[in-house]
**Q** 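There's a structure below that I have some questions on.
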Amino acid sequence: MAVGIKDKAAVVGMGCSKFGERFDCSLEDLMLEAVTEALKDANIEFNDIDAFWFGTYCSGLAGDTFSNRMKSQYKPVTRIENKCCTGTDAFRNACYAVISGACDVAMAIGAEKLKDGGYSGLAIPNVESDRTVPDLSAPAMFAFLGSSYAHKYGLTEKQLRGTLARIAFKNHSNGALNPKAMFQAEVPMKKILESPVIAYPLTLMDCSGVADGCSCAIITRTEDAKKYRNDPMYVKAMQIAAGPAHSERHQSYDFTTVKETCYAAEAAYREAGITEPRNQINLAEVHDCFTVTELTIYEDLLLSERGDGWKDVMRGVFDRGGVLPVNIDGGLKSFGHPIGASGIRMLYEMWLQFHEKAGLRQRENPKLGLTHNMGGTPYSCVAGVTIVGKELG
Ligand code: COA
């Protein structure tokens, strides 16, 4: 079994643009916003960065999308695309590069400009298909989770709606405290409960928005981190699981779990040495592309017992002031989901929280944070789990 990467890489600076309908700026303006903040944070010059991993889903094809705009001078730039895990995978590759000794200082950056398309919802590029797989919108794919979860665990329609509404309320209430979020307002419960259906049982308020945004991280080996700052963020685990579409093809699949998330979580907990995730993790940022996705993720990440996730939601376990806050920055619900930028945006909240810079969202001394993404459908996807910490060990 691999020895893993626990505590071998450290983040020394991070930046994040404001997310939203950024018609006021181009992709390079968004990058500049995030990169400038990260460089200042790490007290480092742009030219001191040895190599770049640039994550984008559909806002460019190759490394020169980044170098043309940011004027990096003949340095290696690798473009990464791994659906909604794109940013997380850029971060993973940059960490592996410094750990290997191939470079000393690396930047992982995720950027996406989606709003200029003039398209409602997320435009998913067509891939080769034999036409036996149904062509569904993202809300329709994830809607199955809602009805199936209610059926399996005996929730009435009112209980399911109440649970999903509570998740939407929580995330929007957190986003109201975040100046970088796209939606920065609390949404009254009545408005959430009355919002129109997009794909039954999911309504508008169950969906994440579509946004533009950019986020980035500067990474070094742990032994070098103190050259840049005394309080880096340590990388404990990074695991990606890409599935064989088992769930898509088997009648045994019951649409209440995402196997890829389970596998990625198990591997990440092993790598980080975590045995009791619910008690050891202080904060989690998870892929709430839809409220119901967040509900099933609690259980797949072992933060709730199977079938108990909805009860934990109603008890306030994952609220800002709860035992284990989830999506304390507002999540995809408040930030929208510029695909390539979301994974590193989640890590940015851990960075703020570890440095006591999260303003009104600040928790008292969090030490261990988890971020999670999944890209694809609940029945066939790529999932990523990253664990970061404030301290070594
Ligand atoms: N949450 C809360 N409010 C939202 C919202 C969301 N997800 N999406 C839009 N709104 C609000 C807008 O602010 C706007 O409010 P206003 O009328 O007060 O200005 C209103 O709803 C309509 O906005 P609009 O941009 O016209 O929405 P839309 O109809 O084009 O798109 C969805 C709404 C739900 C279809 C779109 O947000 C969506 O497809 N989300 C899912 C994205 C997705 O699939 N991501 C990938 C996940 S894996």
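Counting starts at 1 for both ligands and their atoms, in listed order.
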**Q** For Asp64 and Ser67, does a side-chain donor sit closer than 3.5 Å to a side-chain acceptor?
**A** no

**Q** Can you tell me if Arg361 uses its side chain to pair, donor with acceptor, with the backbone of Asn174 under 3.5 Å?
**A**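 Between the backbone of Asn174 and the side chain of Arg361 there is no qualifying donor-acceptor contact (under 3.5 Å).
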
**Q** Quick check: Gly209 and ligand 1, any N/O pair under 3.5 Å apart?
**A**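 Yes: some nitrogen or oxygen of Gly209 is under 3.5 Å from one in ligand 1.
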
**Q** Salt bridge or not for Lys390 and Asp231, using N-O below 4.0 Å?
**A** no

**Q** Hey, is ligand 1 close enough to Lys115 that some N/O pair sits below 3.5 Å?
**A** no

**Q** Under 4.0 angstrom from atom 19 (O) of ligand 1, is there any protein heavy atom?
**A** no

**Q** For residues Phe52 and Phe46, establish whether the separation of their ring centroids is below 6.0 Å.
**A**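 Yes, close enough.
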
**Q** Identify the closest protein heavy atom to atom 36 (C) of ligand 1: which residue and atom is it, and at what distance?
**A** Gly121 CA, 4.1 Å

**Q** Work out which heavy atom in Glu349 is nearest to a heavy atom in Ala358; give both atom names and the distance.
**A** OE2-CB, 4.1 Å

**Q** Please write down residue, atom name and distance for the protein heavy atom closest to atom 4 (C) of ligand 1.
**A**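 So the nearest neighbour among protein heavy atoms is Phe183 CZ, 3.5 Å.
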
**Q** Can you tell me which residue and heavy atom of the protein come closest to atom 32 (C) of ligand 1, and the distance to 0.1 Å?
**A**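 Nearest neighbour among protein heavy atoms for atom 32 (C) of ligand 1, to 0.1 Å: Leu204 CD1, 4.3 Å.
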
**Q** Does the protein put a heavy atom less than 4.0 Å from atom 39 (O) of ligand 1?
**A**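 Yes, because at least one protein heavy atom sits under 4.0 Å from atom 39 (O) of ligand 1.
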
**Q** I'd like to check whether Cys207 has a polar contact with ligand 1, where a contact means an N/O of the residue lying under 3.5 Å from an N/O of the ligand.
**A** yes

**Q** Among the clusters formed by ILVMFWY side chains lying less than 4.5 Å apart, do Leu39 and Ile219 turn up in the same one?
**A** no

**Q** Can you find a non-hydrogen atom of Met141 under 4.0 Å from ligand 1?
**A**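 The answer is no: ligand 1 sits nowhere under 4.0 Å from a heavy atom of Met141.
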
**Q** Go through ligand 1 atom by atom and flag the ones less than 4.0 Å from a non-hydrogen atom of Ala138.
**A**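 Reading through ligand 1 atom by atom, the close ones are 44 (O).
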
**Q** Could you identify the single nearest non-hydrogen protein atom to atom 27 (O) of ligand 1 and state the distance to 0.1 Å?
**A** Ser120 OG, 4.8 Å

**Q** Considering only the protein, which heavy-atom contact is closest to atom 1 (N) of ligand 1, and what is its distance?
**A** Lys333 NZ, 2.9 Å

**Q** Side chains of His287 and Thr293: do they bring a donor and an acceptor to under 3.5 Å?
**A**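 Thr293 and His287 do not have a side-chain donor-acceptor pair below 3.5 Å.
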
**Q** Do me a favour and list the nearest non-hydrogen protein atom to atom 46 (C) of ligand 1 with residue, atom name and distance?
**A**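 Checking every protein heavy atom, the shortest distance to atom 46 (C) of ligand 1 gives Leu122 CD2, 3.5 Å.
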
**Q** Please confirm whether the backbone N or O of Val317 pairs with a side-chain atom of Asp312, one donor and one acceptor, at under 3.5 Å?
**A** no

**Q** Can you tell me which residue and heavy atom of the protein come closest to atom 47 (C) of ligand 1, and the distance to 0.1 Å?
**A** Cys289 CB, 3.4 Å

**Q** Would you call Asp104 and Arg221 a salt bridge, using N to O less than 4.0 angstrom?
**A**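 Yes, this pair counts.
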
**Q** Nearest protein heavy atom to atom 44 (O) of ligand 1: under 4.0 Å?
**A**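 Yes, there is a protein heavy atom closer to it than 4.0 Å.
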
**Q** Taking only heavy atoms of Met205, which atoms of ligand 1 are found under 4.0 Å from at least one of them?
**A** 2 (C), 3 (N)

**Q** Where do Val210 and Lys115 come nearest, in terms of heavy atoms and distance?
**A** O-CD, 3.1 Å

**Q** Write out the residue and atom name of the closest protein heavy atom to atom 42 (C) of ligand 1, then the distance separating them to 0.1 Å.
**A** Ser208 O, 3.7 Å

**Q** Run the salt-bridge test on Asp41 and Arg229 with the 4.0 Å N-O cut-off and return the result as yes or no.
**A** yes

**Q** Do Thr371 and Glu285 pass the side chain to side chain donor-acceptor pair (under 3.5 Å) test, and can you show the C-alpha distance, the side-chain angles, and the key distance before you say yes or no?
**A** CA-CA 5 Å; Thr371 66; Glu285 288 287 317; over 6 Å; no

**Q** Would you say atom 30 (O) of ligand 1 has a protein heavy atom nearer than 4.0 Å?
**A** yes

**Q** Taking N or O atoms only and a 3.5 Å limit, does His337 qualify as a polar contact for ligand 1?
**A**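 No; every N/O pair is 3.5 Å or more apart.
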
